[in-house]
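First comes the structure, then the notes that go with it.
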Amino acid sequence: MARDYYGILGVSSDAGADEIKRAYRKLARELHPDVNPDPGAQERFAEVGAAYEVLSDPEKRRIVDLGGDPLGNGAAGGGGGDFGAFGFGDIMDAFFGGQGGAAGRGRGPRSRVQPGADALIRMQLTLEECAVGVTRDLAVDTAVLCTECTGSGCSPGSSPTRCDICAGRGEVQSVQRSFLGQVVTSRVCPNCRGFGEVIPDPCHQCGGDGRVRSRRTVGVRIPAGVADGMRVRLSGQGEVGSGGGPAGDLYVEVEEEPHELFTRDGADLHCTVKLPMTAAALGTALPLPTLDGTHEITIEPGTQTGAVRTLRGKGMPRLRSTGRVDGHGDLMVHVDVEVPTNLTKEQTELLRQLAALRGEEQPGVGSGRNGHGLFGRLRDSFGR
C-alpha cells in the first residue's frame with residue numbers, strides 16, 4: 001500500500017510547493033536528532049525527509065497522485081540510517097544559503113592536547129666565529145611540560161569530567177526566529193571552551209594548562225660558513241603545547257657583527273688597503289691579515305687606485321643547503337692610492353723636478369702618452 005506522503009507532512013493533496021517546503025522545514029527542525037533526543041524522532045525525521053523528496057519532485061508527485069509509491073517497498077529516501085534523504089545541514093543549505101549547515105551537523109569537542117609553537121632566539125657571532133663555527137649552551141625561556149600533572153592539567157588523583165552545559169559536544173545550540181522561520185545556530189560552549197569536558201580540580205602548578213614556563217639550557221652547534229640572518233633549527237626544542245602537546249621547534253638566528261677590516265659578500269670577503277703614492281708607483285709587498293693568518297701580497301709598480309688583488313680561497317667557507325662546506329670564497333683586496341698633502345718645501349721641490357722630468361708640469365685634461373690632451377686637440381681643430 002502506498003504511503004500517505006501528504007499526511008506525513010500534514011498538508012493537503014492540492015498544497016503548493018511553498019506550503020510543502022514550509023511544512024517540511026518546520027518538521028525537520030523539530031525532529032532532527034540534534035534538537036529532539038526522543039528515540040522515535042530519528043524514524044519520524046527519515047519519513048519527513050522521504051516525503052519532502054517525493055512531493056518536491058513533480059514527476060514523483062504525479063506518481064503519488066495516481067495512487068503509486070515512487071520510492072517503492074517503504075524506502076525512506078535512501079535509508080533511515082542516514083536520517084532520510086536530507087540531513088539538517090542540507091536543510092540549512094537549501095533554505096539559508098548554507099548558513100548553519102556546519103553548525104547543525106556539529107563539529108564535536110576539540111582536543112585539549114594542542115601542538116606547541118616554534119620559538120626564536122638570536123645569537124651574535126663575530127666574522128671569525130662564523131668562519132669556523134661554534135658550539136654554545138643557550139639559556140632559553142619556553143613553556144615546558146608540567147611535572148606535577150604531566151600535562152593533564154588535573155591535580156593528582158583527579159580527572160576531567162563531562163561538561164554539563166553541552167553534554168560533552170563542545171558546543172551549544174540556540175534557536176532564533178527570523179522571517180524565514182526558526183534558525184538553529186551553534187557556538188563554542190562557554191563553560192568548557194569547546195573541549196567537551198571540564199577540570200574540576202586544576203593542577204596547582206600549571207593552573208590546568210598542562211605546562212609551565214621555565215628557563216633551561218640548550219646546546220646548539222653553529223656550522224662553519226653561516227651568515228647574518230641564517231637560522232639553525234633544533235627540532236622539538238620549542239614551546240610545549242597546551243595539554244602536554246608536542247613541542248614546536250627552536251630556531252637560532254645568527255646576527256653577524258661588523259668586522260673592522262673585512263666586508264662580506266656571500267662567501268667572498270673584501271678589504272681596502274691604502275698605499276702611499278710612492279709605494280704605488282714603485283711597487284711594494286704588504287703583509288695582510290686574513291682569517292687563517294697573515295699573507296703577503298705583492299703590489300706591482302704603477303698600481304692605480306681601484307686596482308683589485310685577489311687571494312683565492314682566502315674567503316669564507318661555502319656552506320651548502322645540506323649543511324656541508326664546499327670550498328672557500330676569495331679575498332678581494334682593493335687598492336686606494338693616497339695623494340700626499342701638507343708637503344714640505346723640500347718635498348714640493350722634489351715633486352716639481354719629477355713633474356719636469358716627466359713633462360707633466362701642466363697636464364691637459366685627458367692627456368695621453370703623446371702629450372696631446374683634450375685642450376690640445378681642441379686647439380688643433382680650431383687652428384685648421
Side-chain angles (χ1 to χ4, degrees), residues 25-46 48-49 81-84 86-117 143-146 148-213 239-248:
R25 198 173 65 195
K26 177 182 178 182
L27 291 172
R29 293 198 187 98
E30 294 175 354
L31 299 173
H32 193 277
D34 285 351
V35 178
N36 192 339
D38 188 351
Q42 177 176 336
E43 182 179 354
R44 183 86 172 90
F45 179 76
V48 169
D82 195 26
F83 303 121
F86 296 87
F88 191 61
D90 300 311
I91 301 171
M92 303 305 291
D93 289 343
F95 300 108
F96 305 109
Q99 297 179 6
R105 288 187 175 92
R107 294 179 294 271
R110 62 189 180 98
S111 175
R112 189 178 294 277
V113 179
Q114 298 293 323
V144 299
L145 188 69
C146 176
E148 184 73 17
C149 65
T150 63
S152 68
C154 302
S155 294
S158 65
S159 60
T161 60
R162 193 180 73 163
C163 177
D164 295 332
I165 303 300
C166 65
R169 291 194 299 267
E171 58 185 17
V172 292
Q173 296 178 334
S174 59
V175 180
Q176 295 179 335
R177 291 185 176 275
S178 70
F179 69 96
L180 294 174
Q182 292 181 338
V183 179
V184 179
T185 58
S186 297
R187 60 186 176 89
V188 174
C189 176
N191 186 49
C192 66
R193 296 179 298 167
F195 296 121
E197 58 183 18
V198 295
I199 299 177
D201 187 12
C203 172
H204 299 291
Q205 182 170 323
C206 66
D209 190 46
R211 56 183 180 171
V212 293
R213 297 204 69 83
E239 302 274 354
V240 169
S242 60

Counting distance only, does the side-chain N/O of [X] pair as donor-acceptor with the main-chain N or O of [Y] below 3.5 Å?
{"X": "Arg211", "Y": "Val240", "answer": "yes"}
{"X": "Ser155", "Y": "Asp201", "answer": "yes"}
{"X": "Arg110", "Y": "Arg193", "answer": "yes"}

Nearest atoms (heavy-atom pairs only) where [X] meets [Y]:
{"X": "Cys166", "Y": "Val172", "answer": "CB-CG1, 4.0 Å"}
{"X": "Cys192", "Y": "Val198", "answer": "CB-CG1, 3.9 Å"}
{"X": "Leu145", "Y": "Gly210", "answer": "CD1-O, 3.8 Å"}

- Item | Option passing side chain to side chain contact (heavy atoms under 4.5 Å, CB included) with Glu197 (candidates Ser159, Pro160, Cys163, Pro109) |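 Going through the options one by one, the only one that passes is Pro160.
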
- Nearest 0.5 Å, what's the CD1-OG1 distance between Ile199 and Thr161? 9.0 Å

- Message: Tell me every residue that passes salt bridge (charged side-chain N to carboxylate O under 4.0 Å, His left out) with Glu239, counting only those two or more places apart in sequence or in another chain.
- Response: Arg213

- Query: Taking it one step at a time, do Glu171 and Ser186 satisfy side chain to side chain contact (heavy atoms under 4.5 Å, CB included)?
  - Reply: CA-CA 6 Å; Glu171 58 185 17; Ser186 297; 4.1 Å; yes

Taking the side chain as every heavy atom from C-beta outward, state whether [X] and [Y] have any pair of such atoms under 4.5 Å apart.
{"X": "Cys203", "Y": "Glu148", "value": "yes"}
{"X": "Cys149", "Y": "Cys206", "value": "yes"}
{"X": "Pro200", "Y": "Ser158", "value": "no"}

- Item | Test side chain to side chain donor-acceptor pair (under 3.5 Å) applied to Ser242 - qualifying residues, sequence neighbours left out | none

